[in-house]
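In each ligand, atom 1 is the first atom listed, and ligand 1 is the first ligand listed.
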Amino acid sequence: MYSFYCGKYVLDLRYPLVMGIVNVTPDSFSDGGKYVSTDQAVEHAMHLIAEGADILDIGGESTRPGATPVSLQEELDRVLPVIEKLSRVSDVPLSIDTYKPEVMRAAILAGVDIVNDIRALQEPGALEIVAQSNVGVCLMHMQGHPQTMQINPQYNDVVLEVKSFLSVRMAAAEKAGIEKNRIVLDPGFGFGKRTLHNIALLKDLQSLTELGRPLLVGLSRKSVLGQIMGADSVYERQYASLSASVIAVMNGARIVRVHDVKATADALKVVSAVLSD
Ligand code: 8Y4
């Protein structure tokens with residue numbers, strides 16, 4: 001239940017780990033143009049490791065609600081140089097944030113240890129590519145598609161529906177040959193969910209642990225926190241993000257995907273001390 005087999009690593013998830021976000025997109029790394037700097041992304045990644053990141057999640061396509069998709073070639077051009085450089089120097093597992101099977105394949109060849117897929121390996125060919133490797137995978141729930149998912153999210157019982165989706169995707173992964181101990185599960189905060197749905201999931205996260213695999217959650221800087229606080233800027237969400245990570249881990253999460261690694265690592269030391277007592 002608590003070992004996560006991912007590529008070169010076996011992670012002990014009896015205690016919470018911090019996954020640091022490395023965006024290789026022009027909105028976060030640019031001189032105001034379209035170009036993306038490999039060096040800046042690698043430098044940021046190394047900074048996150050120094051701050052205590054246990055895992056790095058590298059993404060080349062913004063998955064924010066309404067964001068425009070990038071082409072396969074553009075995504076590969078963004079993430080591969082970063083993965084190639086980091087895999088030579090990093091002492092923590094690298095994760096690729098993608099739903100595209102071709103990007104998964106190239107990233108695995110370049111040395112990533114985890115595939116973080118917001119589409120839970122539903123793209124044709126994705127299950128096979130992960131099955132033919134030894135990488136770990138994060139299966140995430142999303143209702144709808146990134147461009148439209150926040151228009152009208154609807155659930156009868158959000159916790160039950162997320163749980164049943166994750167159960168189905170975990171069964172599909174195992175049937176394809178991906179061993180259970182290579183899987184972590186994620187309710188997908190903000191992905192086709194209203195504030196009330198996100199709060200219901202955070203409150204009742206513990207029930208998702210009944211699926212028998214560790215939970216990964218991402219709430220860092222998300223709009224649900226802005227909604228709760230009444231603050232629009234993502235830069236006003238750091239304390240709320242930290243609170244959300246602490247609540248998530250107290251309620252059973254074992255990996256938190258965050259922008260602010262140092263603050264989160266400190267907070268999770270306190271949580272770990274309480275959990276292990
Ligand atoms: C401000 C900051 C506004 C961030 C929106 C966002 C998750 C994920 C994302 C997650 C897993 C995001 C790739 C969305 N969220 N992967 N990815 N779980 N496993 N939005 O919750 O950070 S991107």
Would you please determine whether Cys138 falls within less than 4.0 Å of ligand 1 on a heavy-atom basis?
yes

Transitively linked via ILVMFWY side-chain contacts under 4.5 Å: Tyr15 with Val261?
no

Going hydrophobic residue to hydrophobic residue with side-chain gaps under 4.5 angstrom, can you get from Val115 over to Val184?
no

Any atoms of ligand 1 less than 4.0 Å from a non-hydrogen atom of Val234? List them with their elements.
1 (C)

Which heavy atom of the protein is the closest neighbour of atom 16 (N) of ligand 1, given with residue, atom name and distance?
Asn116 ND2, 3.1 Å

Looking only at protein heavy atoms, what sits closest to atom 11 (C) of ligand 1 is Asp186 OD2, 3.1 Å

Nearest-contact summary for atom 17 (N) of ligand 1 - protein heavy atom, Å:
Arg257 CZ, 3.3 Å

Can you find a side-chain donor-acceptor pair between Glu51 and His47 that sits under 3.5 Å?
yes

Shortest protein heavy-atom distance from atom 5 (C) of ligand 1, along with the residue and atom involved:
Arg64 CG, 3.8 Å

Using a 4.0 Å heavy-atom cut-off, say whether Met140 meets ligand 1 through its side chain, its backbone, both or neither.
side chain

Are Asp54 and Leu11 side-chain neighbours, meaning at least one heavy-atom pair lies under 4.5 Å?
no

Of the backbone atoms (N, CA, C, O) and the side-chain heavy atoms from C-beta on, which set of Leu216 has a member under 4.0 Å from an atom of ligand 1: side chain, backbone, both, or neither?
side chain

Report the distance from atom CG of Asp77 to atom CG of Leu72, rounding to the nearest 0.5 Å.
9.0 Å

Under 3.5 Å donor-acceptor, Arg213 side chain and Met170 backbone
no

Enumerated ligand 1 atoms positioned under 4.0 Å from heavy atoms of Asp97:
13 (C)

From the candidates Glu61, Arg221, Lys222, the one that places a heavy atom nearest atom 21 (O) of ligand 1
Lys222

NZ (Lys8) with more than 12 external heavy atoms under 6.0 Å:
yes

Numbered atoms and elements of ligand 1 in range of Gly218, under 4.0 angstrom, heavy atoms
21 (O)

Are the charged groups of Lys180 and Glu174 less than 4.0 angstrom apart, N to O?
yes

Shortest protein contact, atom 23 (S) of ligand 1 (heavy atom only)
Thr63 OG1, 3.4 Å

